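Heads up, the thing below is written out as structure tokens.
As the structure is a computational prediction, the values presented were derived from the model and not from experiment. Reminder, nothing fancy here: chain letters follow the sequence lines and each chain counts from 1.
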Amino acid sequence: MSSALTPRERMKLDRQKMPEQDPAARARNFAEVNLGFPEQMALIEAERCLQCKDPRCIKGCPVKVNIPRFIELMTEGNIAAAAQSLLDDNALPGVTGRVCPQETQCEIECIRGNKGMPVGIGYLERYVADWARNHRDQLATSKAPPTGRRVVVVGSGPSGLTAAGELARLGHDVTVYEALHKPGGVLVYGIPEFRLPKKIVEQEVERLQAAGVKIECNVVVGRTYTLQELREQFDAVFIANGAGLPVFMNVPGENLKGVYSANEYLTRVNLMAAYEFPRADTPVLVGRRVAVVGGGNVAMDAVRTARRLGAEQALILYRRTKTEMPARVEEIHHAEEEGIHFEFLTAPVEVLGNEKRWVRGLKCVRMKLGEPDASGRARPEPIPGSEFIVDCDVVVVAIGTRANPLLTSTCPELKLNRHGNIVVDEQGMTSLPGVFAGGDIVRGAATVILAMGDGKRAARAIDTWLAAQPRPTPSAG
Amino acid sequence: MHRVVHRRQLSPNVTLLEVEAARIAQIRRPGQFVIVRLGGNAERIPLTIADAHPAAGTITLVIQAVGKSTRELVALQPGQAIQDIAGPLGHPTEQIDAGHAVCVGGGVGTAVVHPIAQGLHRKGVNVTSIIGGRSREWVIFEPELRALGDVIVCTDDGSYGRKGFVTDALKDLLTTVGADIVYAVGPVPMMRAVANLTRPLQVRTIVSLNPVMVDGTGMCGGCRVSVGAETRFACVDGPEFDGHLVDFDELMDRLGTYREFEQRAAQCADGPCRIGLAAPTAA
């Protein structure tokens with residue numbers, strides 16, 4: 001098929017539109033919004049790639065997926081080879097194909113975006129990854145011979161899983177410790193089913209396990225084992241325990257019944273399946289009017305979850321305007337389609353309660369945009385005397401997370417920055433030799449793919465570092 | 001999987017389970033807890049570790065059957081298993097090194113007081129335990145605590161020990177013998193009453209809190225409690241706090257967040273389940 005098309009013909013192909021669940025229907029269920037390309041659409045989209053000599057898309061990718069290569073293999077009709085190529089570069093393509101902000105990474109670099117729409121790289125990645133998951137028997141697992149080195153990964157989120165997959169492939173004996181009862185970290189507790197079905201995370205995890213990665217759940221490093229114990233038992237450590245500590249607004253009334261951190265709200269619904277209550281035992285307050293404070297992807301996830309749980313009105317309160325929202329454009333668009341209401345230039349100053357101490361509203365103040373702040377975005381400033389009340393019975397605070405001190409506080413030798421994040425060098429190594437770190441515990445709250453990039457880089461750095469260490473005595477192995 | 005090796009009914013609704021959890025048995029310290037999840041779609045439940053047997057690789061959990069999840073846990077028989085146990089979580093108890101400590105336990109809280117008394121006793125601290133229940137059959141852990149020091153038993157109806165509340169006995173003890181520190185674990189009103197009693201006497205008082213919790217690792221903030229002017233997370237900052245600073249009213253109120261759900265879950269577990277009804281709203 002590929003040889004048949006000239007560049008001119010490729011240029012004529014329009015970007016294929018991702019089939020989606022109807023907005024009215026999906027606003028009331030937890031099934032995935034994007035339905036995925038059928039084969040025909042995937043192949044047409046693949047043909048749109050111009051196979052640039054100097055592909056810029058790869059540079060935009062934090063894990064450096066060889067994008068033109070897997071797309072080319074698709075056009076050659078060799079989907080198994082395309083899958084192999086993709087999996088060699090990316091341990092979790094079914095995840096990134098769904099949740100990556102491609103529009104600001106690979107796709108923004110795509111030459112076709114100069115005139116028209118870029119290649120739907122994320123959609124193609126998703127297509128190939130889904131094929132790979134359903135045809136695992138047709139994929140070879142390439143693996144280096146065992147090195148005899150033992151590496152422990154703390155946390156089974158995107159960074160930890162990526163590092164673990166890469167380390168196992170390099171021949172190391174890898175154990176992952178997960179604090180929760182299910183592996184996946186933010187992929188299972190944070191990102192909702194309708195954006196990333198848990199089945200997909202499960203299957204990607206299973207593939208890593210089949211490749212030799214051992215995962216042990218219910219191990220809280222910092223409590224069950226200290227970092228020092230891990231250093232004694234393993235040849236190297238990779239810390240990827242995330243930025244798990246929720247930030248609250250610090251306004252009066254925040255401990256009223258009906259106020260959630262986004263972490264709690266999403267954990268109840270995603271990890272604990274509260275949307276199936278009472279078939280699942282963990283409840284969540286549904287609310288008639290749910291107000292979500294924040295403008296990032298987590299806020300979008302929370303507000304769309306509220307809608308699906310049955311809220312009559314689910315609204316976003318954001319202190320800047322739509323232009324400054326950090327959420328992905330696709331998520332904002334999906335939210336709008338699902339009837340989410342947006343209240344911009346709005347900042348809560350107090351949570352109001354009724355006589356039984358249930359939330360009854362948020363007292364808010366109107367903001368205006370001032371001079372740019374340190375982040376480069378216009379600083380929101382309150383307009384005096386502009387207070388107004390937003391009626392709501394559930395409030396979800398989605399204004400960010402900080403580093404969880406559970407592990408770091410038990411290891412004073414580990415160098416932290418003033419925010420409590422672990423300080424690492426260019427190789428991803430911490431102040432402790434042989435202890436590496438990556439993902440949100442280093443960066444503060446960022447994205448899945450940046451965390452994965454850290455995991456991949458750290459795995460390579462760990463491999464190099466281990467190779468430079470004297471071999472352990474046989475009895476210690 | 002964590003096999004139940006021993007089960008004992010302590011009172012009409014309190015059951016002791018000894019379960020396999022070798023690592024936790026080895027390293028747990030008084031005051032710490034575990035998160036337990038039975039399996040399937042079960043909840044994550046925080047339970048204080050009442051005792052541990054490192055040689056046998058087991059920990060002792062004492063569970064009050066109040067809702068669907070806890071009733072399922074106490075129904076476990078030896079040989080059956082709990083799927084997930086994570087821990088030990090929370091900070092260990094702040095212990096004194098010498099002097100006289102009074103450990104006050106109400107109902108199932110007596111089981112939480114036990115490891116504290118145990119730890120203090122091992123350090124050579126003189127321990128008096130004041131434990132209470134509605135009536136004789138509700139008093140638990142009396143023999144275990146007797147092995148660690150004096151025990152004063154109180155029952156509401158006077159069917160055993162002294163008639164009245166644990167706070168009455170505590171008041172007498174503080175005015176006669178005195179105490180260097182008081183540990184109080186039990187229903188929120190009991191802990192509040194103890195704190196109100198000891199505050200004017202300026203006797204340091206530690207309480208162990210049991211707010212609604214999901215992950216137990218500081219991630220969700222559901223267990224937040226007001227202590228002094230600060231919001232603290234019971235799972236990572238506690239579970240024990242200075243009883244004189246805790247906002248017990250708020251804790252009590254927040255514990256009621258899911259009451260309506262608990263009733264529904266219990267109904268579904270009891271009789272014909274009416275799944276599919278709209279979930280209760282917040283208000």
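- How far CZ of R28(B) is from CZ of R223(A): 15.5 Å, rounded to the nearest 0.5 Å.
- With hydrogens and angles disregarded, no donor-acceptor distance shorter than 3.5 Å links the side chain of R224(B) to the backbone of N255(A).
- Put simply, of V236(B), V34(B), D215(B), L89(B), the one with the most heavy-atom pairs under 4.5 Å next to chain A is L89(B).
- By the neighbour-count criterion of 12 heavy atoms within 6.0 Å, atom NZ of K198(A) is densely surrounded, having more than that number from other residues, nucleotides or ligands.
- Shortest non-hydrogen contact noted between L285(A) and F261(B) is CD2-CE1, 3.7 Å.
- Neither the backbone nor the side chain of V36(B) comes within contact range of chain A; no heavy atoms are under 4.5 Å apart.
- The pair K257(A)-E260(B) does not count as a salt bridge, with every side-chain nitrogen at least 4.0 angstrom from each carboxylate oxygen.
- Using a 4.5 Å cut-off between heavy atoms, R254(B) contacts chain A through both its backbone and its side chain.
- Residue Y265(A) does not touch chain B at all, counting heavy-atom pairs closer than 4.5 Å.
- Both the backbone and the side chain of R44(B) come within contact range of chain A, judged by heavy atoms closer than 4.5 Å.
- Looking only at atom types and distance, the side chain of T217(B) has no donor-acceptor partner in the side chain of N404(A) under 3.5 Å away.
- Using a 4.5 Å cut-off between heavy atoms, T267(A) touches chain B through its side chain atoms alone.
- For N218(A) (side chain) and D84(B) (main-chain N/O), no donor-acceptor pair under 3.5 Å exists by modelled atom type.
- With respect to chain A, the highest number of heavy-atom pairs below 4.5 Å among D247(B), I24(B), D253(B) belongs to D253(B).
- Interface remark: I85(B) contributes backbone atoms only to the contact with chain A (heavy atom separation under 4.5 Å).
- With rounding to the nearest 0.5 Å, the separation of CZ in R37(B) from CE in M272(A) is 5.5 Å.
- The shortest side-chain heavy-atom distance between P283(A) and E43(B) falls under the 4.5 Å cut-off.
- Residue-environment remark: NZ (K356(A)) stays at or below the threshold of 12 foreign heavy atoms within 6.0 Å.
- Side-chain contact between T231(B) and E254(A) is absent, with no heavy-atom pair separated by less than 4.5 Å.
- At a 4.5 Å heavy-atom cutoff, the contact between V259(A) and chain B is made by backbone and side-chain atoms alike.
- Per-residue counts of heavy-atom pairs under 4.5 Å with chain A were compared for A42(B), G221(B), A86(B), C220(B); the largest is that of C220(B).
- Of the inter-residue distances, the one linking E250(B) atom CD with L256(A) atom CG reads 8.0 Å to the nearest 0.5 angstrom.
- Between chain A and the options G40(B), G216(B), G222(B), heavy-atom pairs under 4.5 Å are most frequent for G222(B).
- Under a cut-off of 6.0 angstrom, the local environment of CZ in R29(B) is sparse, with at most 12 non-hydrogen atoms contributed by other residues, nucleotides or ligands.
- Here G87(B) is the residue among G87(B), G256(B), S226(B), G67(B) with the most heavy-atom pairs under 4.5 Å with chain A.
- The neighbour count for R259(B) CZ, taken as heavy atoms of other residues, nucleotides or ligands under 6.0 Å away, does not exceed 12.
- Looking at E229(A), only its side chain comes within 4.5 Å of chain B, counting heavy atoms on both sides.
- Proximity to chain B (any heavy atom under 4.5 Å) is restricted, for L406(A), to the side chain, taken from C-beta onward.
- Of the two parts of R360(A), neither the backbone nor the side chain holds a non-hydrogen atom closer than 4.5 Å to a non-hydrogen atom of chain B.
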